Amino acid sequence: MELIDRFRESFGFVFEDALLNEIVSISRLRKVKEGDVLIDIGEQIQLMPLLLQGAIKVMREDKEGDELLLYFLEPGDTCTMTLTCSMGVSKSEIRTIAETDAEMLLVPVVKMEEWLIKYKSWRGFILESYNNRMMEMLETVDSLAFMKMDERLYKFLRDSVKLHGSTTISKTHLDIAHELHTSRVVVSRLLKTLEKNGKIKLHRNRIEVLDF
DNA sequence: TCATTAACACGGG
DNA sequence: CCCGTGTTAATGA
């Protein structure tokens, strides 16, 4: 399929044709594999991604090296962090990792500001992106501050199903414990309870989500 | 009360 | 055997 068509699929409803064409002519396609680190903390950002396919995990890291999930990007999204580049900041405050195999268009950040003036649809897209990322981050904060571990775990499983488009999650209890910043004992116990309640089915290295 | 840590048994690859 | 998993007991917040 032509790149322009693929792009239109994810972003066509957002941008006018002139902008679509300009983006496709100036950007390049990048394909990444699950687990690839796209941008790490402290790196210079020169390209902004427009996600066509897959899911990207956006994380923050504390002094001890613990990772904190901020939000996910899905097709039609962009990384709001790159937007700060047009405001003079160029070092990344975050780390982005491919949650699944993914494809994106990369646009030089210098174009960002130009398009903000030139295209109304671009301005709208950027503002909406900021808003969406902010909302998702609020959801994450809520979950950390207010939700109990069993609710957080269930949310984690549902998000994973949604992001991967599959009801099978190939992660160990220890992996999940790290992501949720708890111990494996708790994860194993809560997963067992979910299984008893018929929400999931447990296997080795694999969790099947039945009800979500 | 509920999470964490350590410890142990079981069993599949 | 190694590792993921399921459980328990002790300890702490």
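Just so it is clear, the model here is predicted, and its values are computed rather than measured. Here is how names work: the chains are called A, B, and so on, in the same order as the sequence lines, proteins then strands, and each is numbered from 1.
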Between [X] and [Y], does any side-chain N to carboxylate O distance fall below 4.0 Å?
X: Arg123(A); Y: Glu114(A); result: no
X: Glu93(A); Y: Arg60(A); result: yes
X: Arg133(A); Y: Glu136(A); result: yes

**Asked** Quick one: do the Ser129(A) and Asn132(A) side chains pair a donor with an acceptor below 3.5 Å?
**Response**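 Result is no, nothing qualifies.
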
**Asked** Do any of residues 199-210 of chain A sit with a heavy atom less than 4.0 Å from DNA chain C, and if so which?
**Response**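 When residues 199-210 of chain A is checked for heavy atoms under 4.0 Å from DNA chain C, the hits, listed by number, are Leu202(A), His203(A), Arg204(A), Asn205(A).
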
**Heavy-atom pair of closest approach, residues His173(A) and Val187(A)** =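 So the minimum-distance heavy-atom pair works out to O-CG1, 3.7 Å.
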
**Leu163(A) versus Glu99(A), closest heavy-atom pair with distance** =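 Closest approach of Leu163(A) to Glu99(A), heavy atoms only: CD2-CG, 4.3 Å.
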
**Fill in**
Contact string for nucleotides 7-13 of chain C, one letter per nucleotide 5' to 3', B = base within protein heavy-atom range under 4.0 Å, S = sugar-phosphate only, - = neither, reads BB-----

**Asked** Do other residues, nucleotides or ligands put more than 12 heavy atoms under 6.0 Å from the CE atom of Met134(A)?
**Response**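 No, because the 6.0 Å sphere around CE of Met134(A) holds 12 heavy atoms or fewer from other groups.
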
**Request:** Using a cut-off of 6.0 Å, state whether more than 12 heavy atoms not belonging to Met135(A) lie near its atom CE.
**Result:**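 Open.
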
**Item:** Whole-Å distance separating the CG atom of Leu191(A) from the C1' atom of dT5(C)
**Value:**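 After rounding, the gap between these two atoms is 10 Å.
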
**Strand-adjacent residues in residues 173-183 of chain A, judged by heavy atoms under 4.0 Å from DNA chain B** =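 The answer is His181(A), Thr182(A), Ser183(A).
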
**Message:** Given the ring of Tyr154(A), does Arg158(A) sit roughly above its face, with NZ or CZ under 6.0 Å from the centre of the six-membered ring and within 45° of the axis?
**Reply:**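 The answer is yes, since Arg158(A) meets both limits relative to Tyr154(A).
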
**Request:** State yes or no: are the ring centers of Phe15(A) and Tyr119(A) separated by less than 6.0 Å?
**Result:**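 No; Tyr119(A) has its ring centre 6.0 Å or more from that of Phe15(A).
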
